[in-house]
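The structure appears below as structure tokens.
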Amino acid sequence: MTYTLWVTFFLFLFILLQYTSADLVSNVCVQTRNKTLCSQTLYNSSEYSNNTDAKGLAYIMIGAALHRAAHNLVYVKGLIDNQTSTNPNASNQCLQVCYKDYNLVVKAIIPNANQSLSAGTTFVAAVAILYSADKILDCQDEDCVKMSSNLNDKCNEYADFAQLVADVLRVTP
């Protein structure tokens with residue numbers, strides 16, 4: 001009898017904890033501009049668990065922003081290498097500026113957002129994330145868009161995602 005009571009208690013506790021965590025993701029993501037992308041990003045993260053708190057969700061989102069920005073940095077580097085090999089005399093100054101901006105975002109701005117979150121200043125972290133989105137606007141220069149319309153799309157996707165991360169940070173205590 002006692003064994004059954006303990007099993008029932010632990011089963012109830014397990015279900016309650018699982019529901020609470022899922023409920024936290026729903027509560028946070030419903031307050032963002034893209035609930036679906038927010039939920040998918042959090043649930044698909046290898047860092048997510050049923051015990052993740054609101055601050056943990058913010059860390060996951062900042063990490064996802066870093067991953068996206070790093071992916072775009074590699075993409076821009078590939079465009080520069082391709083441009084240099086196919087047309088060495090062509091000016092790729094806008095791509096060079098774009099590369100420097102993404103490099104700054106990946107190596108300084110997003111890590112600073114992470115440090116700000118660690119220090120408990122979610123507002124500063126949100127400002128840093130929004131600044132990272134603003135910083136990559138150079139990549140949407142007319143000359144860069146002529147070289148790769150896909151780059152323009154990638155920049156827009158990153159900027160939208162950065163706003164989503166800022167939304168999550170906004171609701172993080």
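Side-chain atoms are counted along with the backbone in the values below, which use heavy atoms only and exclude waters and symmetry mates.
In this structure, CG in N92 is found 11.0 Å from SG in C98, a value given to the nearest 0.5 Å. Here the CD atom belonging to Q96 is positioned 13.0 Å from the CG atom belonging to D138, to the nearest 0.5 angstrom. To the nearest 0.5 Å, atom CG of residue N112 and atom CG of residue L104 are 9.0 Å apart. To the nearest 0.5 Å, the span separating CG on D141 from CG on L151 amounts to 10.5 Å. The line from CG of L117 to OG1 of T172 is 7.0 Å long, rounded to the nearest 0.5 Å. In this structure, CZ in R68 is found 7.0 Å from CD in E157, a value given to the nearest 0.5 Å.
Using a 4.5 Å cut-off between side-chain heavy atoms of Ile, Leu, Val, Met, Phe, Trp and Tyr, with links allowed through other members, V30 and L37 fall into different hydrophobic clusters. Hydrophobic clustering places Y43 together with V171 (ILVMFWY residues linked when any side-chain heavy atoms are closer than 4.5 Å, directly or through intermediates). Grouping the Ile, Leu, Val, Met, Phe, Trp and Tyr side chains by contacts below 4.5 angstrom, directly or via other members, places V127 apart from V165. Taken together through direct or relayed side-chain contacts under 4.5 Å among Ile, Leu, Val, Met, Phe, Trp and Tyr, Y158 and V97 form parts of separate hydrophobic clusters. At a threshold of 4.5 Å between side-chain heavy atoms, the hydrophobic network of Ile, Leu, Val, Met, Phe, Trp and Tyr places L130 and V124 in two separate groups.
Smallest separation of non-hydrogen atoms from Y102 and K154: OH-O, 4.3 Å. When all heavy atoms of C155 and I136 are compared, the pair lying nearest together is O-CD1, 3.5 Å. Of all heavy-atom pairs between A58 and V168, the closest is CA-CG1, 4.1 Å. Scanning both residues, V105 and A69, for their nearest heavy atoms gives CG1-CB, 3.9 Å. The two residues A125 and A113 come nearest to each other via the heavy atoms CB-O, 3.3 Å. Nearest approach of L73 to N103, heavy atoms of both residues: CD1-N, 3.6 Å.
In K35, the NZ atom is not crowded: 12 or fewer heavy atoms of neighbouring residues, nucleotides or ligands sit closer than 6.0 Å.
A donor-acceptor contact shorter than 3.5 Å links the side chain of N44 to the backbone of Q40. At least one donor-acceptor pair under 3.5 Å links the side chain of R170 to the backbone N or O of Q31. The backbone N or O of T36 lies less than 3.5 Å from no partner atom in the side chain of S39, so there is not a single donor-acceptor pair. In this structure a side-chain-to-backbone donor-acceptor pair under 3.5 Å is missing from S45 to L42. Not a single donor-acceptor pair under 3.5 Å links the side chain of S149 to the backbone N or O of V145.
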Take Y48 and L57 through the test side-chain contact (heavy atoms from CB on, under 4.5 Å) and record every step on the way to the result.
CA-CA 8 Å; Y48 175 77; L57 299 181; 4.1 Å; yes
Derivation and outcome, side-chain contact (heavy atoms from CB on, under 4.5 Å), residues V76 and I80:
CA-CA 6 Å; V76 172; I80 292 169; 4.1 Å; yes
Just do the side-chain contact (heavy atoms from CB on, under 4.5 Å) check on L95 and C144 with the steps written out, would you?
CA-CA 6 Å; L95 290 176; C144 282; 4.0 Å; yes
Intermediate values then yes/no, side-chain contact (heavy atoms from CB on, under 4.5 Å), T41 and F161:
CA-CA 10 Å; T41 301; F161 191 77; 3.7 Å; yes
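Side-chain atoms of S116 and F123, non-hydrogen and from C-beta on, never get closer than 4.5 Å to each other. Y99 has its side chain out of reach of L79: every pair of non-hydrogen atoms, C-beta onward, lies at least 4.5 Å apart.
By the SG-distance test at 2.5 Å, no disulfide connects C139 to C94.
Using a 3.5 Å distance cut-off with no hydrogens or angles, the side chains of S118 and Y59 do pair a donor with an acceptor. In this structure, a donor-acceptor pair under 3.5 Å is present between the side chains of N156 and Q140.
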